[in-house]
K.L.:
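Let me begin by handing over the structure; questions about it come next.
Just so it is clear: chains get the letters A, B, ... in the order the sequence lines come, proteins before strands, and each one is counted from 1. Every heavy atom of this structure was used, including side-chain atoms; hydrogens, water molecules and symmetry mates were not.
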Amino acid sequence: MYDFKKIEKKWQNYWEENETFKTDIWDFTKPKFYALDMFPYPSGVGLHAGHPEGYTATDMVARMKKMQGYNVLHPMGWDAFGLPAEQYAINTGNHPEKFTFENIKTFKTQLKSLGFAYDWNREISTTDPTYYKWTQWIFKQLYQDGYAKYVDMPVNWCEELGTVLSNDEVIDGKSERGGFPVIRKNMKQWVMDIPAYAEKLLNNLETLDWPESTKEIQRNWIGKSIGALVDFKVLNSNQTFTVFTTRCDTLFGATYCVLAPEHKIVNEITTKEQKEIVEEYQKMCATKSELERTELNKEKTGVFTGAYAINPVNNKEIPIWISDYVLATYGTGAIMAVPAHDDRDYEFAKKFNLPIIQVLEQETGETKENEILKNSIVAIVHDKEKDQYLTINWHKNGGRLFIGGTIEENETPLECAFREVLEETGYADIELIQETFKIRHHYYAYNKDKYFQIECTGFLFELKSADKQNQNLDEDEAFDIEWVSKDTVLEEIKDALHSKTFEYVQNGGAMTEDGIHINSEFLNGLNKEEAIEKMIEWLEAHQVGKKQINYRLRDWIFARQRYWGEPVPIVHMENGTDYVLEDSELPLILPTMDDYKGKNGKAPLENAEQWKQVEINGVKGTRETSTMPGSAGSSWYFLRYIDPNNDEKLADPELLKHWLPVDLYVGGPEHAVGHLLYARFWNEYLYDKGIVPVQEPFQKLVHQGMILGENGIKMGKRYPEYVVNPTDVVESHGADSLRLYEMFMGPLQADKPWSQTGLEGSKKFLDRVYRIFEEGKVVECTTPELERIYHQTVKKVTNDYETLNFNTAISQMMIFINAVYKEEKISKEYAEHFIQLLNPVCPHITEEIWHTFLGHNTTIAESTWPTYEEEKTKEDTYEMIVQVNGKVRGKIEVSVNTSKEEMETIAKEIENVKTHLEGKEIVKIITVPQKLVNIVIK
RNA sequence: GCUCGUAUGGCGGAAUUGGUAGACGCGAUAGACUCAAAAUCUAUUUUCCGCAAGGAAGUCUCGGUUCAAGUCCGAGUACGAGCACCA
């Protein structure tokens, strides 16, 4: 039996004493490999089961790469600043600094007990002044280049946490940490102009080997949309406003405009009569929290300003409303409303009875020459009680249809619909429910032998009484009147016009699909794409608008009114200017305070009187008292690992050039937009400054999945009995068993439930491996039976480690060990190489065997990775499959050299195949060499 | 609502990318060792019919392409994630 407790401690000490995993950073003679984990936030509760998963993955690749002759950089550090640390400190009555220090100590001990091959000489902490000196220095560059700005803007304010939050820290209108309500509020804030990099951040995604889902999330978050700006004049005023729209082709359908309640011209254009109600509405919106705003979005609200705008394309006067469904922070904070073709505008128009003008029309049927033009209707009558629809069945002469007809002279479409229903079915007592959008339809009338083009209006009626009058039919009208269910309608009404009309009736709402423009003067007859292009041309020619690209990505709010973060190296001077600290004044050290809690919504550093008050060149000033957000320090830490002790530069340029980019980056998917976007932004900025040599810092990114509790539910406070603590597992089963099990559970990227018996199975495998050596199964021998499987194992394990398919690599090693047990012996060479293959997953037991049983006196970590011979992985016979009509009817062992002809002959000789072929005609035979023969019979 | 992703035995999961579905592990059953238990070793284990040989069904559902579909195409369902009045 192997004593994992003794062994693991022993080799951890050995690696530490011998600095086995120290990186010689200046050794450029070997190819480099930079394996990086997302550094942890050292919480008070220590490691959880998910940490070892991602860390083991990078550790395995790092260890293999080292044995393959790479110079490997595999560092670890601490993302120790930020809200959670401070919040936890407050809740437990600790000082954040002391508390963080202790947590780091715990984390480090725990990580060491798992045997990770980190170079601890390169350990960094974002809270270390020698580190945050450079965070401040980068901020300074950004400030001087105009990307860090101090602006008055609406922000996410969390009263409970007493700070502003960035967009990615607000989830469903609540703070990510603590779940406290967040409101919008105007405040003077530090922000980063990340939208300036939106296009680069978007385009570079294409070049990255990242999960497609993560790239998609970033694309959505950046939210590029191509549209146009259109200027509107306000009637009887010299005011104008500009709207942003992606659908400028629908401008002829604009029947009103909406401004965000906060829009700056609202107060100036509002008429006397409307003033009171407008101000009341503005006040109501201002006090709504984000959550209330989203919860209330089911019902549209808004008020009329009394003012009118002039539609630049047709000079029509349209009313200007304000509503909170228009956001002040997106586009221009103003929209033109086209209720016919936008769901939100449609809903608003319906509620406030605003006009709806259709400017796009769908086309059905096939266009023919010499069509006769007509206007017509489709009338759908619904019987609410029976939930049935009135149809007429033309049988062979046109199938099932609703009631349709041609509009006569001096008749409105609605009058026509009433008349047709009465004439054809005799029902008179019906009530109009809905008029739908018009559809252009092309068809052939068999009874008239002519092609028609009709513009057709659809109607939905409700049957009020089943009383019938006499029908009034033409002679050639032979049909049955039938009431049918919705399912029958969907199944049997095949006519494109009628089924489309039914679709409109069912869905309600705006017509948002593409179509052909109508009621739009110079756009008539064009589709959406063509019309947008033409409209932009027109707007630009008339100088009332232009093409515009808009991003959803907002400024990154870069200040927190909290204590535990990097101080911002800015002084607000008495004379109104801002002074940025000289490089020689960095780092600006966070003052030690006894009371680090803010009061009355003020930042804690406001209370650091001595620290705050400064005098520069005879002018008095006060330091900025906000601190940087948690994601500041984590936006460049991967650079600092390369040169962690440099006090001249953030890192030596030569080293950066050699070591970047990160070759493998592993971390949770929860950082898809926060950290991973901010870090890309800073890196891209530093690239533009010539400081960093690569545009993208993380070439290959992988997200490890979540380790769920044994109940299949996320481990956490809700089911404490299912929480697995890795430290306990190290105690009970050993670090090697834990590492092996977590890698064997399933694909790295998938969420996987914990299984205690599964863990024990992994431990059993290690016992089984150890016993081979303990029981002296390693002997001087040749084992030809093992040769093929050995080479296959080296091949599969090497490839699978490379592609991070650790679960299948491990299963191959199990197959190998099973084979060894079957042979009951193994040569020293094979045993030695197997131990090397196992080493990246289970470094302790393999190091022990390497020394004790295999007699080495240097570390296995510096041994050379085994190689395989492709020829020897191949079998010389295989099991040929014989199918008859695609069903397996026989299997037979044949040589790999069997020719196609031989394969067919052998196949037909098999007893069971013969019985299936008996009395049948062979149509053809498909033969796949080294695989199968499929005989097709009739 | 929109955008992604996933779906395979009792369970975790394999399947060379269109060619034997269920590798490997867990669990279960039986046997060996043992006074006994644990540990260990050996065998069986998708379901159904059959003593067996063998046969039938089977990768969320329905349909299609193909000699051949877990894999490709079309429609749908369920679960998960992201976004959500983004004009």
Side-chain angles (χ1 to χ4, degrees), chain A residues 1 171-172 211-221 223-225 227-228 243-248 250 258 260 293-294 296-298 300 323-327 329-338 342-345 347-348 509 550-554 669-670 672-673 710 712 740-741 744-747 749-762 764-765 767-768 771 775 796 799 805 807-815 817-818 821-822 878-891 911-912 915 923-928 930-937:
Chain A
M1 280 297 285
I171 292 164
D172 290 336
E212 194 45 47
S213 58
T214 304
K215 291 205 230 177
E216 192 62 25
I217 290 170
Q218 292 214 348
R219 279 187 208 109
N220 290 342
W221 192 261
K224 180 179 183 175
S225 73
V243 305
F244 174 71
T245 175
T246 55
R247 293 299 305 276
C248 63
T250 60
V258 188
R293 259 182 96 133
T294 41
L296 290 174
N297 79 30
K298 289 198 173 80
K300 294 264 181 298
S323 170
D324 67 354
Y325 88 89
V326 173
L327 307 177
T329 46
Y330 183 78
T332 58
I335 63 155
M336 63 175 205
V338 185
D342 181 282
D343 283 320
R344 295 150 299 174
D345 298 344
E347 198 188 320
F348 193 82
N550 229 318
Y551 300 94
R552 206 184 69 100
L553 186 67
R554 318 282 169 78
E670 66 276 13
V673 282
E710 205 147 10
L740 181 70
Y741 174 59
F744 183 58
M745 285 170 89
Q749 296 85 346
D751 292 348
K752 302 157 288 255
W754 183 265
S755 156
Q756 194 62 24
T757 51
L759 172 69
E760 277 150 23
S762 293
K764 265 197 264 183
F765 172 69
D767 288 337
R768 227 163 122 81
R771 231 178 289 123
E775 292 173 359
K796 181 149 181 70
N799 292 343
N805 295 116
N807 54 333
T808 47
I810 292 165
S811 101
Q812 180 64 36
M813 289 192 280
M814 289 172 169
I815 290 169
I817 290 302
N818 290 346
Y821 267 79
K822 198 153 218 161
Y878 68 98
E879 195 172 49
M880 185 179 91
I881 303 305
V882 184
Q883 298 178 328
V884 178
N885 278 354
K887 285 193 194 288
V888 180
R889 296 302 179 192
K891 303 173 184 182
E911 248 350 276
N912 193 36
T915 54
V923 180
K924 64 171 160 176
I925 301 178
I926 285 117
T927 309
V928 184
Q930 296 189 36
K931 280 252 159 59
L932 56 76
V933 176
N934 187 10
I935 304 169
V936 186
I937 57 169

K.L.:
Using O4'-C1'-N9-C4 for purines and O4'-C1'-N1-C2 for pyrimidines, with syn meaning within 90° of 0, is G9(B) syn or anti?
P.N.:
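This nucleotide is in syn.
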K.L.:
Which base sits across from G31(B) as a Watson-Crick or G-U pair, both distances under 3.5 Å?
P.N.:
C41(B)
K.L.:
Under 4.0 Å from OP1 or OP2 of A84(B): is there any side-chain N or O of Asn220(A) that close?
P.N.:
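It does not, given that no N or O in the side chain of Asn220(A) lies less than 4.0 Å from OP1 or OP2 of A84(B).
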K.L.:
Kindly say if Arg771(A) contacts the phosphate of A39(B), meaning a side-chain N or O under 4.0 Å from OP1 or OP2.
P.N.:
no
K.L.:
Can you identify which nucleotide, out of G19(B), U40(B), A14(B), has its nearest atom closest to the Lys764(A) side chain?
P.N.:
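Between G19(B), U40(B), A14(B), the one nearest the side chain of Lys764(A) would be U40(B).
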K.L.:
To the nearest Å, give me how far apart CE (Met814(A)) and P (C24(B)) are.
P.N.:
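From Met814(A) CE to C24(B) P: 11 Å.
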K.L.:
Would you say G55(B) has OP1 or OP2 under 4.0 Å from some side-chain N or O of Asn912(A)?
P.N.:
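Looking at the OP1 and OP2 atoms of G55(B), one of them is under 4.0 Å from a side-chain N or O of Asn912(A).
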K.L.:
Given A57(B), is OP1 or OP2 found less than 4.0 Å from the side-chain N or O atoms of Lys887(A)?
P.N.:
yes
K.L.:
Under 3.5 Å for both donor-acceptor distances, Watson-Crick or wobble: does G76(B) have a partner, and if so which one?
P.N.:
C60(B)
K.L.:
At less than 4.0 Å, is any side-chain N or O atom of Thr808(A) found next to OP1 or OP2 of G13(B)? Yes or no.
P.N.:
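No.
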K.L.:
Distance check, C1' atoms only: C79(B) and U8(B), in whole angstrom units.
P.N.:
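Per the computed distance, 16 Å lies between those C1' atoms.
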K.L.:
What integer number of Å spans the C1' atoms of U61(B) and U6(B)?
P.N.:
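Looking at atom C1' only, U61(B) and U6(B) are 16 Å apart.
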K.L.:
If you take all heavy atoms of Ile817(A) and Arg768(A), which pair is closest and at what distance?
P.N.:
CG2-NE, 4.1 Å
K.L.:
Measuring from the side chain of Asp324(A) (C-beta onward, heavy atoms only), which nucleotide among C85(B), C24(B), U20(B) has the closest atom?
P.N.:
C85(B)
K.L.:
Hey, does the side chain of Arg889(A) come within less than 4.0 Å of A53(B)'s phosphate (OP1/OP2), counting only N and O?
P.N.:
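No, no such contact exists.
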K.L.:
Phe244(A) side chain: which of A87(B), C85(B), U3(B) is closest?
P.N.:
A87(B)
K.L.:
Would you mind reading off the distance between Glu879(A) atom CD and A23(B) atom P, rounded to a whole angstrom?
P.N.:
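Rounded to the whole Å, the gap is 14 Å.
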K.L.:
Separation of Trp221(A) atom CH2 from A84(B) atom C1', in whole Å?
P.N.:
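Those two atoms, CH2 and C1', are 11 Å apart.
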K.L.:
Using both distances under 3.5 Å as the test, list the Watson-Crick or G-U wobble partner of G82(B), or none.
P.N.:
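Checking every strand shown, G82(B) finds its partner in C2(B), with both distances under 3.5 Å.
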K.L.:
Would you indicate, yes or no, if G12(B) has its OP1 or OP2 atom less than 4.0 angstrom from a side-chain nitrogen or oxygen of Lys752(A)?
P.N.:
no
K.L.:
So, OP1 or OP2 of A87(B): does either fall under 4.0 Å of a side-chain N or O from Tyr330(A)?
P.N.:
yes
